[in-house]
There are 4 protein chains.
Amino acid sequence: MTSEIKQLQQQLTKFAAERDWDQFHSPKNLAMALSGEVGELTEIFQWLTPEQSEHLPTAKKAHLEEEIADVLMYLLRLADKCDVDIMTACQKKLSKNEKKYPIDKCFGNAKKI
Amino acid sequence: MTSEIKQLQQQLTKFAAERDWDQFHSPKNLAMALSGEVGELTEIFQWLTPEQSEHLPTAKKAHLEEEIADVLMYLLRLADKCDVDIMTACQKKLSKNEKKYPIDKCFGNAKKI
Amino acid sequence: MTSEIKQLQQQLTKFAAERDWDQFHSPKNLAMALSGEVGELTEIFQWLTPEQSEHLPTAKKAHLEEEIADVLMYLLRLADKCDVDIMTACQKKLSKNEKKYPIDKCFGNAKKI
Amino acid sequence: MTSEIKQLQQQLTKFAAERDWDQFHSPKNLAMALSGEVGELTEIFQWLTPEQSEHLPTAKKAHLEEEIADVLMYLLRLADKCDVDIMTACQKKLSKNEKKYPIDKCFGNAKKI
């Protein structure tokens, strides 16, 4: 069974291939595209208080959905191009974080995040 | 069956709850954390040529894996906090992109990307 | 009289030339370096409340000073490489913003920012 | 004599005060706005080769001028709000970089940048 992540990566590969866009999708360029999309996502929240950011009005929520999708799609494309198995990478990083931030020392402590 | 994305989101929820970090994880703060991690990812590629970015040495590849994981984990946490179903959002955006960038008009055309 | 901005740009040109780093300083690469530094600056504020961000402890303030300097230096280098007169560009943009955001319509209105 | 940087900062203070926007300009929010603008600047270069980035067509050059101005104006506003003397901060950082990257060890060496 192909995972949902790998299925999406295959769709993105097909999308780029059909348009002959693979020539533009070097990891360097994809990293830039990713950072451009994160900039757009950041703009949604820039003037909101933290509290307001928890209750987005409908139009902002719809905009956020699109930006989150753009970020994920460029990230998955980058991972694919660099042969990074993204789910395995997350499990490894999560284990590392568990050791780096032991519960008893980090409880409620923003400095350690 | 719970999807791999939702499983990871549940692990991240548990990780934050155990450390009482939920108080710091407003969508606004998570957007900033996401953009900080993307900055670290960008630094990996900044002085490389596009060609060099396609063939990362082992140490850089390992570093990239960690940064990709950090970006995905903050993105999933943000989506979760904002009740965005990230895989559905991607399928919607992909359909929209298919209409926005028709194959016959966009073939090999970077301007349209 | 040479302006303080142009003097700093000359220092940065000399710094790069002495190290033969000009070969790495294409506008594309400098844009990436700029965005990496802004990521580091963002990290300083990510877990702070807006109120806390107004009263940084000494160590964070010193860190911020360095990141602000890094951002400005890459920005000036980029402007220089692209023949952009940065002070003129600011005056033009400021005039444009004055028309785009008329005082009577934008008073106290975050949506318009 | 007031420096050109300080003059621009005073114009920006006036611009915000006239619109009652000071309430939105916490350092945290300004850092986000800065990172949003850098995202827009990055998008200009994302699909260009390093060589193409050295010779921008007129429309892209005009766009770049605006984005560079936006980045500088948010950066100056942030520095002002945090009582950072930005030109002094640059001279300090430049001295530090001169020691960190000695010419004889760093000549032509991208790894050290």
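Keep in mind that this is a model prediction, so the values were computed, not measured. Computed over heavy atoms, backbone and side chain alike; hydrogens, waters and symmetry mates excluded. Throughout, protein chains are lettered first and strands after them, A, B, ... in sequence-line order, and every chain is numbered starting at 1.
- The neighbour count for C:Lys61 NZ, taken as heavy atoms of other residues, nucleotides or ligands under 6.0 Å away, is above 12.
- Taking chain C as the reference chain and counting heavy-atom pairs below 4.5 Å, the highest number among D:Met32, D:Met73, D:Lys92 is found for D:Met73.
- Using a 4.5 Å cut-off between heavy atoms, D:Asn97 touches chain C through backbone and side chain atoms alike.
- Scanning all heavy atoms of the two residues, the minimum distance from D:Leu72 to C:Cys90 falls at CD2-SG, 3.7 Å.
- Of the two parts of D:Ile68, the backbone and the side chain both hold a non-hydrogen atom closer than 4.5 Å to a non-hydrogen atom of chain C.
- Here the CG atom belonging to D:Leu30 is positioned 10.0 Å from the CG atom belonging to D:Leu75, to the nearest 0.5 angstrom.
- Residue with the most contacts toward chain C among D:Ala79, D:Gly39, D:Ala69: D:Ala69 (heavy-atom pairs, distance under 4.5 Å).
- Taken from CZ in D:Phe45 to CD in D:Gln52, the straight-line distance is 11.5 Å, to the nearest 0.5 Å.
- The shortest non-hydrogen separation linking C:Ile5 to D:Glu4 is N-OE2, 3.0 Å.
- In terms of non-hydrogen atom pairs under 4.5 Å with chain D, the most contact-rich of C:Gln23, C:Gln11, C:Glu51, C:His55 is C:Gln11.
- For D:Ile103, the parts lying under 4.5 angstrom from a heavy atom of chain C are both the backbone and the side chain.
- A donor-acceptor contact closer than 3.5 angstrom links the side chains of C:Glu67 and C:His63.
- For the residue pair D:Glu54 / C:Ser26, no side-chain donor-acceptor distance below 3.5 Å is found, with atom types taken as modelled.
- At a 4.5 Å heavy-atom cutoff, the contact between D:Glu18 and chain C is made by backbone and side-chain atoms alike.
- Comparing D:Thr49, D:Asp70, D:Leu12 by heavy-atom pairs within less than 4.5 Å of chain C, the highest count is held by D:Asp70.
- D:Thr88 does not touch chain C: none of its heavy atoms, backbone or side chain, sits under 4.5 Å away.
- When each of C:Ile44, C:Leu41, C:Thr42 is scored by its heavy-atom pairs under 4.5 Å with chain D, the top score falls to C:Leu41.
- Using a 4.5 Å cut-off between heavy atoms, D:Asp83 contacts chain C through both its backbone and its side chain.
- Atom-to-atom distance recorded for C:Leu78:CG and C:Ile86:CD1 is 8.5 Å, nearest 0.5 angstrom.
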